[in-house]
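Only one structure is covered here, and it is reproduced in the block below.
This chain uses plain numbering: 1 for the first residue, then up along the sequence.
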Amino acid sequence: MEVVLEMTLPRNAESAPLVRHTLDASLRGLGVASEIRADIALALGEACANVIQHAANAKEYEVRARMDGTRCVVEVIDGGSVDGAPVVGVGVAGVEADWGSEQAPPLAEHGRGLQLMRAFTEELHIADRVHREGAIVHFEKSLAV
């Protein structure tokens, strides 16, 4: 069975728990183990937090998720930053910035989201939207234990 979710959400803090719970309920319905669901929820929460904090140009953002019983593919799509600067972690040419080499200071309150997403998913790609401002955060996770 394949499950596809597409949500357009307001760019506010209340939207992140809603999309996390919706995706988790779908994964639970497919019988996905709680550890894998927790990894996906963490990565999704970090991607949503990035949009909510940095994509100030848009009032909404999109989340698309596809689950086929073996893999979960998620895209979080934002509308760009307020000053036209790239969203955190995205280079101006549409490729990931070299964020993997820079570690957040041990006591920093911010700066670990992309590192967490990379650690808890098998694939993470961040790219500029084609012909529009904003970025797409794409990650995948195997649903097998």
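Residues A43 and T121 come closest through the heavy atom pair CB-CG2, 3.6 Å. Nearest heavy-atom pair across E14 and P17 is O-CD, 3.4 Å. Between L42 and F120, the closest heavy-atom pair is CD2-CD1, 3.5 Å.
Annotation: salt bridge (Lys or Arg N to Asp or Glu O under 4.0 Å) contacts involving residues 40-61, sequence neighbours excluded, are absent.
Residues N12 and I52 have side chains not in contact (no heavy-atom distance under 4.5 Å, counting atoms from C-beta outward). Side-chain contact between L116 and R118: absent, with no pair of heavy atoms (C-beta onward) separated by less than 4.5 Å.
With hydrogens and angles ignored, the 3.5 Å screen pairs a side-chain donor or acceptor of E122 with a backbone N or O of S142. A donor-acceptor pair under 3.5 Å is formed between the side chain of D78 and the backbone N or O of A135.
Applying the salt bridge (charged side-chain N to carboxylate O under 4.0 Å, His left out) rule to R11 yields no partners; only residues at least two apart in sequence or on another chain are considered. E123 is linked by a salt bridge (charged side-chain N to carboxylate O under 4.0 Å, His left out) to R71, counting only residues two or more places apart in sequence or in another chain. Qualifying side chain to side chain donor-acceptor pair (under 3.5 Å) partners for S15, counting only residues two or more places apart in sequence or in other chains: Y61. R64 is linked by a salt bridge (charged side-chain N to carboxylate O under 4.0 Å, His left out) to E62, counting only residues two or more places apart in sequence or in another chain.
Here OG of S26 is found 4.5 Å from CE of M67. Values are rounded to the nearest 0.5 Å. Taking CE from M7 and SG from C48, the interatomic distance works out to 9.0 Å, rounded to the nearest 0.5 Å.
Test I77, V63, V76 against V51 for side chain to side chain contact (heavy atoms under 4.5 Å, CB included) and you get one pass: V76.
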Atom pairs and distances, side-chain donor-acceptor, residues 29-41, under 3.5 Å, sequence neighbours left out:
residue	atom	partner	partner atom	Å
R37	NE	D24	OD1	2.8
R37	NH1	V32	O	3.1
D39	OD2	K141	NZ	3.0

